[in-house]
Each structure stands twice: as structure tokens, then as C-alpha cells.
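The next block holds one structure in the form of C-alpha cells; read it before the comments.
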Amino acid sequence: MRTIDRIISDRGSKYAVSGAPCRSAEEAAALLARLKQGKRFARATHNSWGLICEDGPIKNDDGESGAGMVILRMLDREGLRDHLIVVTRWYGGKQLGGDRFRHVQEAVRIYLGSLAKDS
């Protein structure tokens, strides 16, 4: 699993983005469990994710209401299938309001850009 850490910081909250090829909800659960083997990610406030696979779109906000849908929209726009993207947030003590969606989008953009560099 590719992880790009400490990419965004806002009012104490910190973000990372991770991803890997993935073909099912079961595989997504296994990849997320592997990510959370790292204590830092296990203690994160939110590990929101999205995946578009043969079973259709699958997401989990992990308490960051709406974040999974943001990830799904970006995956759909890119035409990226069978690839899990996880946006991790460590809450910094202050509400971010709508800025949290902007940060999720930016995290996904950074991840997608890293994929483009590899191809």
C-alpha cells in the first residue's frame, strides 16, 4: 500500500492519503487492517475510503460524514477502478467545517498525481 503522509495541516488537524489496487470490499477491509497495523494510523480519528469495483461503488466515511462520497466522485471522474483510496485525518481540536472536504479532495489529488508520475 502506498502512503503519502503529512500532506496537509490545518488548525491542528493533519492528513495522509494511502491507496492500493483493490477488487472487492473484502480486499478493502484487509488493506485497511494492514494500514491500521501502524499505530499512528490505528489512532487516527478518521480513515475514510472509497473504491469503485465490479460490485459497484463502496465507501466508508469512518465518522467524517461525506468524505467517502468525495473520494468516490474523484475516482469516478478519473475513471479509476479497482483501486482503494484512504484519506486519514488526525483531528487537531478545532472544527474545520467545509474545509475538511477541500482537504479530502486535495489529498486524493496528491495521491492521483503520484500514480500519474509512476506511469
Side-chain angles (χ1 to χ4, degrees):
M1 179 171 269
R2 171 192 308 239
T3 297
I4 307 168
D5 202 359
R6 297 183 171 102
I7 53 172
I8 299 167
S9 182
D10 183 6
R11 291 167 263 178
S13 286
K14 305 217 179 319
Y15 286 82
V17 63
S18 306
C22 179
R23 297 190 183 279
S24 68
E26 294 79 23
E27 195 174 341
L31 287 166
L32 196 59
R34 187 166 19 144
L35 179 68
K36 289 180 177 181
Q37 284 177 348
K39 288 181 185 178
R40 188 161 180 270
F41 286 87
R43 289 191 307 252
T45 314
H46 309 287
N47 285 291
S48 306
W49 59 270
L51 164 69
I52 301 174
C53 61
E54 189 174 301
D55 296 336
I58 307 166
K59 66 176 177 64
N60 187 318
D61 294 333
D62 193 29
E64 186 79 285
S65 184
M69 185 54 74
V70 170
I71 298 167
L72 284 178
R73 273 193 231 112
M74 293 185 75
L75 286 169
D76 188 49
R77 206 172 299 136
E78 285 293 315
L80 186 58
R81 304 286 188 261
D82 297 326
H83 203 99
L84 173 73
I85 295 183
V86 181
V87 176
T88 301
R89 176 183 177 194
W90 292 269
Y91 180 65
K94 294 186 180 157
Q95 298 291 325
L96 300 181
D99 287 341
R100 63 195 168 102
F101 296 116
R102 186 172 49 84
H103 297 326
V104 170
Q105 287 177 333
E106 183 60 20
V108 174
R109 268 191 217 103
I110 289 167
Y111 183 82
L112 293 171
S114 78
L115 289 180
K117 286 179 188 173
D118 287 350
S119 50

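The first residue of the sequence shown is numbered 1, and numbering continues consecutively from there. Heavy-atom basis, side chains included; hydrogens, waters and symmetry copies ignored.
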**Message:** Does Tyr15 form a side-chain contact (heavy atoms from CB on, under 4.5 Å) with Arg100? I'd like the steps, not just the answer.
**Reply:** CA-CA 10 Å; Tyr15 286 82; Arg100 63 195 168 102; 3.8 Å; yes

**Request:** Check Leu31 against Met1 and note the closest heavy-atom contact, atom names and distance.
**Result:** CB-CE, 3.6 Å

**Complete:** When every non-hydrogen atom of Phe41 is compared with those of Ser18, the smallest separation belongs to CE2-OG, 4.3 Å

**Complete:** Scanning both residues in full, the closest heavy-atom pair of Cys53 with Ile58 reads SG-CD1, 3.6 Å

**Request:** Write out all pairs satisfying side-chain hydrogen bond (donor to acceptor under 3.5 Å, both in side chains) with one or both partners inside residues 29-46, taking only residues at least two apart or from two chains.
**Result:** Asp5-Arg40

**Message:** Between Tyr111 (side chain only) and Ile85 (backbone N and O only), is there a donor and an acceptor less than 3.5 Å apart?
**Reply:** no

**Request:** Might you work through the side-chain contact (heavy atoms from CB on, under 4.5 Å) test for Ile7 and Glu106, ending with a clear yes or no?
**Result:** CA-CA 9 Å; Ile7 53 172; Glu106 183 60 20; over 6 Å; no

**Prompt:** Taking only residues two or more places apart in sequence or in another chain, which ones pass side-chain contact (heavy atoms from CB on, under 4.5 Å) with Ala44?
**Reply:** Asn47, Thr88, Trp90

**Message:** My understanding is that only one of His103, Arg89, Lys94, Gln95 makes a side chain to side chain donor-acceptor pair (under 3.5 Å) with Ser13; could you say which?
**Reply:** Arg89

**Considering all heavy atoms, the nearest Cys22-Leu51 contact** = O-CD1, 3.4 Å

**Item:** Residues Gln105, Met74; criterion side-chain contact (heavy atoms from CB on, under 4.5 Å); working and verdict
**Value:** CA-CA 8 Å; Gln105 287 177 333; Met74 293 185 75; 3.8 Å; yes

**Asked** Yes or no on side-chain contact (heavy atoms from CB on, under 4.5 Å) for Leu115 and Leu80, after CA distance, side-chain angles and deciding distance?
**Response** CA-CA 11 Å; Leu115 289 180; Leu80 186 58; 4.0 Å; yes

**Message:** Evaluate Arg102 against Asp99 for salt bridge (charged side-chain N to carboxylate O under 4.0 Å, His left out), listing each step before the verdict.
**Reply:** CA-CA 5 Å; Arg102 186 172 49 84; Asp99 287 341; 3.5 Å; yes

